[in-house]
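Heads up, the thing below is written out as structure tokens.
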Amino acid sequence: MRLSFSLAAFAAATGLPGPAAASELWPQTKLRLTVIHWMPMSGSYERWDAFSGEFVVSEEGAIPLPVIGSVSTSGKSNDQLAGEIAAALKGKLGLVTAPETSIEVIAYPSIYVVGAVSAPGAFNYQPGMNVLQAFALGGGIKVEQNGTSADRLRLVAELRSLEDEMLRGRARIARLSAEIGGSAEIVFPREVTDSPDADLAGAAMNEEQAILEARAREQERQAKSLGELIGLLDLEIETLTTRMSDIEKAIASAEKELAGVESLVAKGLATMSRQSDLERRVADLRFDRLTQTTAILRAQQARSQADRETAQLEDARVTELALDLQEERSKLEQLLLRQVTAQRLMLDMDVAPASVGDQMVQPGYTIVRQSAQGAEELPADETTPLLPGDVLKVVRAVPGASSTHPTAAMHNTELADRQDR
């Protein structure tokens, strides 16, 4: 009977680290830093290109940034590093509020597959990658005497990888559908909730729920900022309108007084200087009215623009989600087609097990990993997680012997015994 156990349990038993999370910033990791700041006058976010850009984590675990200098990434997640950078920029530039910053991992250091594989070489690392997936990238076992074995193993690995990709794709589709529908909870399909790989399914569902909540908070922040801007503009329009009413009253009073003085001047009962003073006052008040009218029109125009941006914010969100959903569904269809093709190829193969002569061909695995103490070789099996920069050594195992390193097999047995108990 085949016993299954989680990667985390295997890591704890063997002393190997668990799967690398996407937030771990390893040396030689390529990052994209984006810095934006809210501009209240324009009612929009502006990207600060002087601080944004792509950076590579040094071997010492730091990235050099303009103005604030070198920033350590050691032991920090993406969000923690972004927060530290935002705080540093706020202090350095004397800002009232910290700018919005985000860190995105573009590429991790490569992993390397060597030994008895069909296509050894360097491959892009993906968070959560395990030995079997890296083995598949290397083209499967290299068996010169019988190519059927290599083809079979390659197809098996490809099918497992496709199943993982389809599970994550279905989880993303469920999240996008929930966002479009305005739901705060994601209803995942049975293909995800009832997946045999409970660990992967749980991780995928948690990640998509976290993304849903983060995007909802961002949308709420932008809508709130626009709402505050609209409130300020309404108050400004109200104040200007009140001031306009006072000016109109002052103009009416001054014009009435000027008419009376003109009558007195005509009768010789008042001086021309008095009339001139009143005429200047009326002209000044009329100029003030024109200025206030212009200010009210500008405030109303800004208010209308803020209303349009509020409506466009939701329209842009729905459009983006619809396009993402369409793309994810297209990807899922392609994965399903690849899965059907691989399954048909498996059926077309000889049902006899791949062998060299009368001997079964099985791979054995060892991971070479750099640490503070130097390079060390670690036992591994198909489910062992890899870290960026790892070298996976593949060998052809002796028939009848375990396909894993003896130490790994021993830990597997211990874990199985614990589960039985």
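The minimum heavy-atom distance between Ala50 and Pro66, with the atom names listed, is O-CG, 3.5 Å. Taking every heavy atom of both residues into account, Lys92 and Ile68 meet most closely at CB-CG2, 4.2 Å. Thr271 approaches Val265 most closely through the heavy-atom pair O-CG2, 3.5 Å. Annotation for Ala254 and Arg281: closest pair CB-NE, 4.3 Å, computed over non-hydrogen atoms.
Surrounding CZ of Arg215 are more than 12 heavy atoms belonging to other residues, nucleotides or ligands, all under 6.0 Å away. Counting non-hydrogen atoms of neighbouring residues, nucleotides and ligands closer than 6.0 angstrom, the CD atom of Gln326 reaches no more than 12 such neighbours. Heavy-atom contacts from other residues, nucleotides or ligands closer than 6.0 Å to CZ of Arg221 number more than 12. At most 12 non-hydrogen atoms from other residues, nucleotides or ligands lie less than 6.0 angstrom from CD of Glu238.
Side-chain atoms of Asp381 and Thr384 form a donor-acceptor pair, as typed in the model, at a separation below 3.5 Å.
Summarising the geometry, atom CD1 belonging to Ile106 is positioned 10.0 Å from atom CZ belonging to Phe55; distances are rounded to the nearest 0.5 Å. Within the model, atoms CD1 of Ile247 and OG1 of Thr242 stand 11.0 Å from one another, a figure rounded to the nearest 0.5 Å.
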Before giving the answer on side-chain hydrogen bond (donor to acceptor under 3.5 Å, both in side chains), spell out for Glu84 and Gln80 the whole-Å C-alpha distance, their side-chain angles and the decisive distance to 0.1 Å. CA-CA 6 Å; Glu84 182 176 328; Gln80 289 171 336; over 6 Å; no
Test salt bridge (Lys or Arg N to Asp or Glu O under 4.0 Å) on Arg175 and Glu207 and set out the steps. CA-CA 10 Å; Arg175 187 255 301 169; Glu207 289 171 4; over 6 Å; no
Before you tell me yes or no, could you show the steps for Ser52 and Asp49 under side-chain hydrogen bond (donor to acceptor under 3.5 Å, both in side chains), namely the whole-Å CA-CA distance, both residues' side-chain angles and the distance that decides it to 0.1 Å? CA-CA 5 Å; Ser52 304; Asp49 291 329; 5.1 Å; no
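The shortest side-chain heavy-atom distance between Ile63 and Leu33 does not fall under the 4.5 Å cut-off. In this structure the side chain of Glu185 reaches within 4.5 angstrom of the side chain of Gln209, judged on heavy atoms.
Taking the charged nitrogens against the carboxylate oxygens, Arg274 and Glu257 do have a contact shorter than 4.0 Å, which makes a salt bridge. The pair Lys224-Glu220 does not meet the salt-bridge criterion, since no charged nitrogen lies less than 4.0 angstrom from a carboxylate oxygen. Salt-bridge formation is detected for the pair Glu255/Arg286: a Lys NZ or Arg NE/NH1/NH2 atom is positioned less than 4.0 Å from an Asp or Glu carboxylate oxygen. Comment: Glu327 engages Lys331 in a salt bridge, judged by a side-chain N to carboxylate O separation of less than 4.0 angstrom. Asp277 and Arg280 are joined by a salt bridge, as a carboxylate oxygen and a charged side-chain nitrogen come within less than 4.0 angstrom of each other. Salt bridge Asp307/Arg303: present, at least one basic N to carboxylate O contact under 4.0 Å.
At least one donor-acceptor pair under 3.5 Å links the side chain of Thr101 to the backbone N or O of Ala82. Judged by distance alone, with hydrogens and angles left aside, the side-chain atoms of Thr73 form a donor-acceptor pair with the main-chain N or O of Gly61 at under 3.5 Å. Within the 3.5 Å criterion, the main-chain N or O of Ala259 finds no donor-acceptor partner in the side chain of Ser263. Side chain of Tyr125 to main chain of Leu386: a donor-acceptor pair is present (N/O by atom type, distance under 3.5 Å, no hydrogens or angles). Remark: side-chain polar atoms of Glu248 are not paired, donor with acceptor, to backbone N or O of Ser245 under 3.5 angstrom.
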